[in-house]
Protein chains: 2
Amino acid sequence: MKGIRQLADHLDISIGTVSRALNGKPDVNEETRRRVFEAAEKFGYVANQAGRSLRKGATGIIGFMMQTGHDITGQGDTFFMSVFDGVQTVLARHKLDLVALLCSSEEDPDAYLKRVVARSFADGIILSATRYRDGRFGTLHKTGIPFISLGRSQNDAGQPWYDLDFEGMADTAIERLVAQGHRRIAIGRPEGDINLGYVFEDRCRAALAQHGLTLDPAHVFRSRPNESGGYRLAQNFIAAPTKPTAMVLLNEATVIGFYRGLEEAGLMPGRDVAVIGQYSPMAQFLSPRLTCFRPALRDLGVAVAESLLATMPAFAEAYPEAPRQCLWPMNFIEGESG
Amino acid sequence: MKGIRQLADHLDISIGTVSRALNGKPDVNEETRRRVFEAAEKFGYVANQAGRSLRKGATGIIGFMMQTGHDITGQGDTFFMSVFDGVQTVLARHKLDLVALLCSSEEDPDAYLKRVVARSFADGIILSATRYRDGRFGTLHKTGIPFISLGRSQNDAGQPWYDLDFEGMADTAIERLVAQGHRRIAIGRPEGDINLGYVFEDRCRAALAQHGLTLDPAHVFRSRPNESGGYRLAQNFIAAPTKPTAMVLLNEATVIGFYRGLEEAGLMPGRDVAVIGQYSPMAQFLSPRLTCFRPALRDLGVAVAESLLATMPAFAEAYPEAPRQCLWPMNFIEGESG
DNA sequence: TCGCAGTCCGTAAACGTTTACGAGATTAGT
DNA sequence: ACTAATCTCGTAAACGTTTACGGACTGCGA
């Protein structure tokens, strides 16, 4: 069964009628429609997406671009699963499907974007793993595909983005630690050119300055955004010159290894070292319980999807007032660690 | 910039030449080629995938179908990231791209497959989250798209699949526990119609029978494949009638919650209850360290991709002897928990 | 009998590429 | 100077759909 042509020949009707029958158009005899569906089922015929989307000028697909690679596990955790869940509930309302565009960490994201995503592969695109300077914004802008980014870039020219409110997290975390009497506060950020690292560090420094404190450059620790990275980070932390008494961690996964690293050195989070991090499903199973910030990720997915659809002519009217840019709140959860 | 037509008009050459220039065909003047690339870059032109793949009869895309949803986090962890990594290294050799087909857990996987994947959306497909009876095998077989499954189905009609060797895991885990003197051994399997749950339970029962032991139906615990599921599982475990002294867990994430549940009840893994599980990046950060089975996931991805390509005429000659079906070994890692 | 509306279906164009084929121009060989 | 080879490019068909348009019926009322 090659295509609609063969199906039509077999039924001895025209391809136009077959197409109309399959697509639920009104002007087709119900008996004919039944026969068409029956034959389609029998031969396992499904419409060729290429032909269809070529003609319709739309694919019904939204792409979510994300990074893969053996060193990228932290963000690959449940974070995206939750966001996907929210995105999909919105897309389902419009019969749109979500696919994840998997860009290897060894490849240039911009080149990848140009290659696979190409015009009309997806009707809209959600970006993630935003870099400090990210060429993808320019590329997408040129091609005219509707898009939105999960995470800001540095060169913000009014493109749509949603991002977790790491500024708010930095402010309250620092505020809290200072109120607890801490003076030498360290922070951990993911290594690499990820934009949120810069955002977070800058804001922590500013927040400390509010209290007349400084952020010692030696107390800014970079690590891989996963458990092992956190473990090594703990070792560096312990070996730091003027010993910090508190740590604020950006990544969800690093905190696991960090806990373990402290334990092995006989240090207990919350007693010997204050630790504040980002929520993950793991957080509630740590002992002592992690003081952390938790964004409502599923709702974030919903909001992002709605904001994206708002920029697409075909769906815009359903979302008249979706904000183009938004800092997504992180809810504070008091634990025992800091 | 709508398409190759406009680009050609602007350059005052034919679309054929533009296409040839862009695709690196030899019979085009190098000066012309340069002008074409320049203009394409300037206008942000990228070829329309629909038109291209319609003509070529191939998309250059391999789809990896996976399940999403707020209750599916265990498998969504680093498991897939590692497999992706392996798959991508193979695909990159042939300039193929990997996309993840995200099927919401609220939707019928077979319907999803028919709808979005449709013929010629992807040149090949990798299935996951295989059900006990899985209609997708039949669908894919009918349409003729090359595919392979990560996980067996019950109705094995010779379709290609790779699966983790849970039989081997069951055998050695039971063997070990029995040798340690355990007689009342419990197992944990994911709830739902996931096939590996059946496989695992059956094999554990058989392995116990080898030693004249039985698997008490009350000692087969079903749980969500995530941390919370493991926590509740611990509570059920503790409340079980004839108290088991050992537990073999299938899912990577449940073990986290299970540990926590035991701890809260004053029980220590390895001392009060023997625990054997599956490796995850988290496992090495548990205390006491988890005795577990670790598959080489990246290599599994490589093998699966090669096996898939072996079934595709265009790439088959490169992989003459890739096995169609394979039980992937799980390496035993001795810890302190059992 | 005619006209009109309604139902059902066939025809053909269009979507944006790639590529086989052949034509024209230039160069090389004799 | 003639032929053959080489280089470069234009032409047009093909890929599999969807859909605007119109034609062929049927039924019905005037």
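Per chain, numbering begins at 1; letters A, B, ... match sequence-line order. Please read these numbers as outputs of a predicted model, since none were measured by experiment. These numbers come from the heavy atoms of this one structure, side chains and all, not from hydrogens, waters or symmetry mates.
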Exercise. Between Ser307(B) and Ala322(B), is there a donor-acceptor pair closer than 3.5 Å when you use the side chain of the first and the backbone of the second?
Worked result: no

Exercise. Any donor-acceptor pair under 3.5 Å linking the side chain of Tyr45(B) with the backbone of Phe37(B)?
Worked result: no

Could you pull out all residues at least two apart from [X] that satisfy salt bridge (charged side-chain N to carboxylate O under 4.0 Å, His left out)?
X	value
Arg34(A)	Glu31(A), Glu38(A)
Glu321(A)	none
Arg152(B)	Asp163(B), Glu167(B)
Asp9(A)	Arg5(A)

Exercise. Using a heavy-atom distance cut-off of less than 4.0 Å, which residues of residues 12-21 of chain A contact DNA chain D?
Worked result: Ile15(A), Gly16(A), Ser19(A), Arg20(A)

I'd like to check the side chain to side chain contact (heavy atoms under 4.5 Å, CB included) partners of [X]; sequence neighbours left out, ordered by chain and number.
X	value
Arg133(A)	none
His141(B)	none
Ala21(A)	Val28(A), Arg33(A), Val36(A)
Arg20(B)	Thr17(B), Lys25(B), Asp27(B)

Exercise. Is the shortest distance from a Lys or Arg side-chain nitrogen in Arg298(B) or Asp85(B) to a carboxylate oxygen in the other one below 4.0 Å?
Worked result: yes

Nearest whole angstrom, please: distance from the [atom2] of [N] to the [atom1] of [X].
X	N	atom1	atom2	answer
Leu22(B)	dT19(C)	CG	P	13 Å
Leu54(A)	dA13(C)	CG	P	17 Å
Glu31(B)	dC9(D)	CD	C1'	15 Å
Ile4(A)	dC15(C)	CD1	P	19 Å
Arg55(B)	dC15(C)	CZ	P	18 Å
Gln6(B)	dG16(C)	CD	P	8 Å
Lys25(A)	dT7(C)	NZ	P	17 Å
Asn48(B)	dA14(C)	CG	C1'	13 Å

Could you pull out the protein-nucleic contacts involving nucleotides 22-24 of chain D (nitrogen or oxygen on both sides, under 3.5 Å)?
none

Taking only the side-chain nitrogens and oxygens of [X], find out if one of them lies under 4.0 Å from OP1 or OP2 of [N].
X	N	result
Thr32(A)	dC9(C)	yes
Arg52(A)	dG16(D)	no
Tyr45(A)	dT17(D)	yes
Asn29(B)	dC9(D)	no

For this session: Sequence neighbours left out, what pairs pass side-chain hydrogen bond (donor to acceptor under 3.5 Å, both in side chains) with at least one residue falling in residues 51-62 of chain A?
Result: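 Sorted result for residues 51-62 of chain A: Thr59(A)-Asp123(A).
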
Exercise. In degrees rounded to 10°, what angle is found between the helical axes fit to the five outermost pairs at each end of the helix from dT1(C)-dA30(D) to dT30(C)-dA1(D)?
Worked result: 60°

